[in-house]
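Presented below is the structure to which this report refers.
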Amino acid sequence: MVKEQLTIHLNIKIMTKRNYSRREFVKQNSLAGLGTAVAMGVGPVLLANCATDTGTPAILGGQKIRTQEWPVWPQWKPEKYEEQVLKVLRSGIWSRAEVVTEFEKKWAETIGTKRCLAVVNGTNALIASLTQLNIGGGDEVIVTPYTWISSIQAVLIAGAMPVFADVDPDTYQIDPDKIEAKITPRTRAIMPVHILGLPANMEKIMPIAKKHNLLVVEDACQAWLAEINHKKVGTFGNVGCFSFQNSKHLPLGEGGAIVSDDEEFIDRCYSYHNVGFPYGALIGAVGAGSVMLGTKLRITEYQAAIGLAQLGVLDEQTTLRNKNAAYLKSQIKNIPGIKPYKLYDNVTRAAFHMFAFRYKKEEFKGLSRERFLEALDAEGIPNLSGYAPFLNKQPYLENAFQSKNFKKMYSKEELDFNTFSEKNECPENDKLCIEAVWLQQNLLLAEKSDLDDIALAIERIHKNADKIKNQK
Ligand SMILES: Cc1ncc(COP(=O)(O)O)c(C=O)c1O
């Protein structure tokens with residue numbers, strides 16, 4: 001063995017004996033490898049292949065690749081944030097007042113709309129928006145089956161009928177080419193959801209809406225600061241809705257926002273969120289008199305203060321998530337059976353609420369996704385399998401159809417669940433739900449080099465798929 005080859009060999013032995021990372025592995029071996037490459041007259045491509053002894057998977061008793069903690073979420077920085085919040089707590093003014101108004105102004109400015117109304121959560125932002133666009137009984141709203149349940153529940157609560165258009169599995173978004181076939185004389189709106197923080201194809205969806213005179217309610221509950229051609233999502237349709245729940249990128253515990261350029265519409269939403277009192281009526285002005293049907297969806301001053309305190313880091317963190325997602329994608333996209341998310345060409349920025357890829361078990365010797373996820377977890381890479389299949393068929397729909405209101409608003413035929421299920425088949429979504437793998441956004445706040453551990457873990461599982469599958 002020539003000297004350089006021996007050095008590589010020894011390094012491999014040393015590195016496989018302890019808990020190493022891909023980064024360390026490559027670093028340790030690259031210098032020695034360079035010498036060998038020169039001596040043997042081969043280039044760096046072969047060098048990369050040297051680094052394929054990925055060691056015994058942790059699920060089979062090997063040492064886990066990742067032992068360090070990942071960044072936590074939410075990230076509360078007392079020295080930076082607490083003064084603002086304490087001020088509100090000490091003031092005793094906790095119901096909606098100036099701080100909520102300031103938060104609304106800042107969010108509208110950040111997103112690029114004339115107005116914003118803060119509400120208790122994203123679910124109710126959607127419900128308020130639908131009802132104040134006068135969408136209700138007898139109307140149909142075109143929705144995507146790959147979303148958090150709230151998108152569909154909001155349509156049902158408004159009294160409208162969800163109509164499912166299948167997804168584009170590469171992007172996880174509603175497939176614009178599947179929308180027109182779903183339009184009927186009863187269709188009133190399209191609800192694109194920028195799911196996982198990846199923008200839906202608004203440049204294709206908006207012309208369809210315009211052509212058929214439909215309203216567009218953007219569910220941007222996972223897509224803070226995401227952009228299409230430098231325009232923020234949530235500003236393409238008639239209204240955009242956001243969530244500020246604890247897992248979200250601007251976490252207030254619970255919270256939501258409605259944004260729009262339509263001032264009258266936001267005034268109506270305001271009244272709706274404040275028991276029907278006219279816009280601008282003081283909170284607690286019992287003598288104001290209600291002017292319309294309304295409920296109560298106000299957020300508190302301390303929630304708004306928590307939001308304002310963290311607003312300053314959202315942009316910086318979004319940039320980091322974008323950079324790290326692109327890097328991680330580049331590191332795993334050539335592993336057979338791993339199909340990372342795709343962004344539409346017009347996307348200038350995503351939010352990356354999740355880093356998603358599809359897992360093709362046929363390229364992993366038939367190793368099931370569940371077992372793959374367990375193996376990934378064992379390596380110290382937390383993960384999720386994503387949404388359960390059949391949002392377009394789950395029992396909540398049948399339950400809504402059995403309700404007194406739905407029975408009054410729709411015919412027996414319309415509420416026949418078998419017919420509904422047949423009409424709302426979404427085969428691409430069924431497949432996507434079985435193949436998807438999510439890594440949560442906080443992983444993307446790690447150092448770029450930490451992401452190598454994810455790639456190494458996937459490579460290791462791929463290389464040992466047979467053994468993992470046959471483990472007794
Ligand atoms: C796509 C989507 N829509 C709506 C919501 C509802 O938001 P909230 O949880 O604030 O009610 C969420 C929250 O997870 C969501 O992800």
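By convention here, the first residue in the shown sequence is residue 1. Every value quoted in this text rests on a predicted model; they were computed, and no experiment measured them.
The two atoms that bring Asn324 and Ala446 nearest to each other are ND2-O, 2.9 Å, heavy atoms only. Across every non-hydrogen atom of Ala351 and Ala223, the tightest pair is CB-CA, 3.8 Å. The shortest heavy-atom contact between Ser271 and Met292 is CB-SD, 3.5 Å. The shortest non-hydrogen separation linking Pro162 to Phe420 is O-CE1, 3.5 Å.
Formation of a donor-acceptor pair under 3.5 Å by the Asp168 side chain with backbone atoms of Gln173 is not found in this model.
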Checklist entry - What's the verdict on salt bridge (Lys or Arg N to Asp or Glu O under 4.0 Å) for Glu227 and Lys232, showing C-alpha distance, side-chain angles and the deciding distance? => result CA-CA 4 Å; Glu227 293 174 357; Lys232 300 262 184 332; 3.4 Å; yes

Next on the checklist: Applying side chain to side chain contact (heavy atoms under 4.5 Å, CB included) to Ile142 and Ile174, what does each step give before you reach the verdict?
Outcome noted: CA-CA 10 Å; Ile142 297 178; Ile174 190 168; 4.2 Å; yes

Checklist entry - After noting the C-alpha distance and the side-chain angles of Asp450 and Gln68, does the key distance pass the side-chain hydrogen bond (donor to acceptor under 3.5 Å, both in side chains) rule? => result CA-CA 9 Å; Asp450 291 329; Gln68 285 159 271; 4.9 Å; no

Checklist entry - Do Arg349 and Asp315 pass the salt bridge (Lys or Arg N to Asp or Glu O under 4.0 Å) test, and can you show the C-alpha distance, the side-chain angles, and the key distance before you say yes or no? => result CA-CA 11 Å; Arg349 199 183 203 193; Asp315 188 66; 2.9 Å; yes

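For the atom pair Met161 CE and Met409 CE, the distance stands at 8.5 Å (nearest 0.5 Å). Here the CD1 atom belonging to Ile190 is positioned 8.5 Å from the CD atom belonging to Glu180, to the nearest 0.5 angstrom.
Lys360 is linked by a side chain to side chain contact (heavy atoms under 4.5 Å, CB included) to Lys339, Arg358, Glu362, Glu363, Glu435, counting only residues two or more places apart in sequence or in another chain. Remark: Tyr387 engages Gln222 in a side chain to side chain donor-acceptor pair (under 3.5 Å) (not counting sequence neighbours). Under the side chain to side chain contact (heavy atoms under 4.5 Å, CB included) criterion, Ala108 pairs with Thr113, Cys116, sequence neighbours left out. Remark: Ser95 engages no residue in a side chain to side chain donor-acceptor pair (under 3.5 Å) (not counting sequence neighbours). Applying the side chain to side chain donor-acceptor pair (under 3.5 Å) test to Trp438 and every residue at least two apart in sequence or in another chain returns Tyr146. Contacts of Val120 classified as side chain to side chain contact (heavy atoms under 4.5 Å, CB included), with partners at least two apart in sequence or in another chain: Asn124, Leu297. In this structure, the side chain to side chain contact (heavy atoms under 4.5 Å, CB included) partners of Tyr279, at least two apart in sequence or on a different chain, are Arg115, Asp267, Tyr270.
More than 12 heavy atoms of other residues, nucleotides or ligands sit less than 6.0 Å from atom CH2 of Trp76. Dense packing is recorded around NZ of Lys329, with more than 12 heavy atoms of other residues, nucleotides or ligands lying under 6.0 Å away. Open room surrounds NZ on Lys361; 12 or fewer heavy atoms of other groups in view lie less than 6.0 Å from it. Counting non-hydrogen atoms of neighbouring residues, nucleotides and ligands closer than 6.0 angstrom, the CD atom of Glu447 reaches no more than 12 such neighbours. By the neighbour-count criterion of 12 heavy atoms within 6.0 Å, atom CD of Glu263 is densely surrounded, having more than that number from other residues, nucleotides or ligands. The environment of CH2 in Trp148 is sparse: at most 12 heavy-atom neighbours from other residues, nucleotides or ligands sit within 6.0 Å.
A donor-acceptor contact closer than 3.5 angstrom is absent between the side chains of Asp416 and Tyr410. In the model, Thr300 has a side-chain atom that pairs as donor or acceptor with a side-chain atom of Gln303 under 3.5 Å. With hydrogens and angles left out, the side-chain atoms of Glu140 and Thr184 include a donor and acceptor closer than 3.5 Å.
Inter-residue side-chain proximity for Leu373 and Arg369 is flagged as met; some heavy-atom pair is nearer than 4.5 Å. Looking only at side-chain heavy atoms (C-beta outward), Phe357 and Ile332 come within less than 4.5 Å of each other. Side chains of Lys393 and Glu398 form no contact here, defined as non-hydrogen atoms less than 4.5 Å apart. Annotation: side chain of Leu444 is not in contact with side chain of Leu320 (no heavy-atom distance under 4.5 Å). Proximity of Leu198 to Tyr341: side-chain heavy atoms (C-beta onward) are separated by under 4.5 Å at one or more points. Side chains of Val88 and Ile93 form no contact here, defined as non-hydrogen atoms less than 4.5 Å apart. Contact check for Phe277 versus Val291: no side-chain heavy atoms found under the 4.5 Å cut-off.
A cation-pi contact, defined as under 6.0 Å to the ring centre and within 45° of the axis, links Lys231 to Phe236.
Sorted pairs that involve residues 68-85 and meet salt bridge (charged side-chain N to carboxylate O under 4.0 Å, His left out), not counting sequence neighbours, are lacking altogether. For residues 236-250, the side chain to side chain donor-acceptor pair (under 3.5 Å) pairs, not counting sequence neighbours, are Ser243-Lys248, Gln245-Ser247, Gln245-Lys248, His249-Arg321, His249-His353. Applying the side chain to side chain donor-acceptor pair (under 3.5 Å) definition to pairs two or more places apart or across chains, those involving residues 372-384 are Arg371-Glu374, Glu379-Arg460. Applying the ring-ring contact (aromatic ring centres under 6.0 Å, His included) test to every pair with at least one member in residues 107-143, sequence neighbours left out, gives these pairs: Trp107-Phe242, Trp107-Phe244. Within the structure, salt bridge (charged side-chain N to carboxylate O under 4.0 Å, His left out) pairs that include any residue of residues 101-110 comprise Arg96-Glu104, Glu102-Lys106 (at least two apart or interchain).
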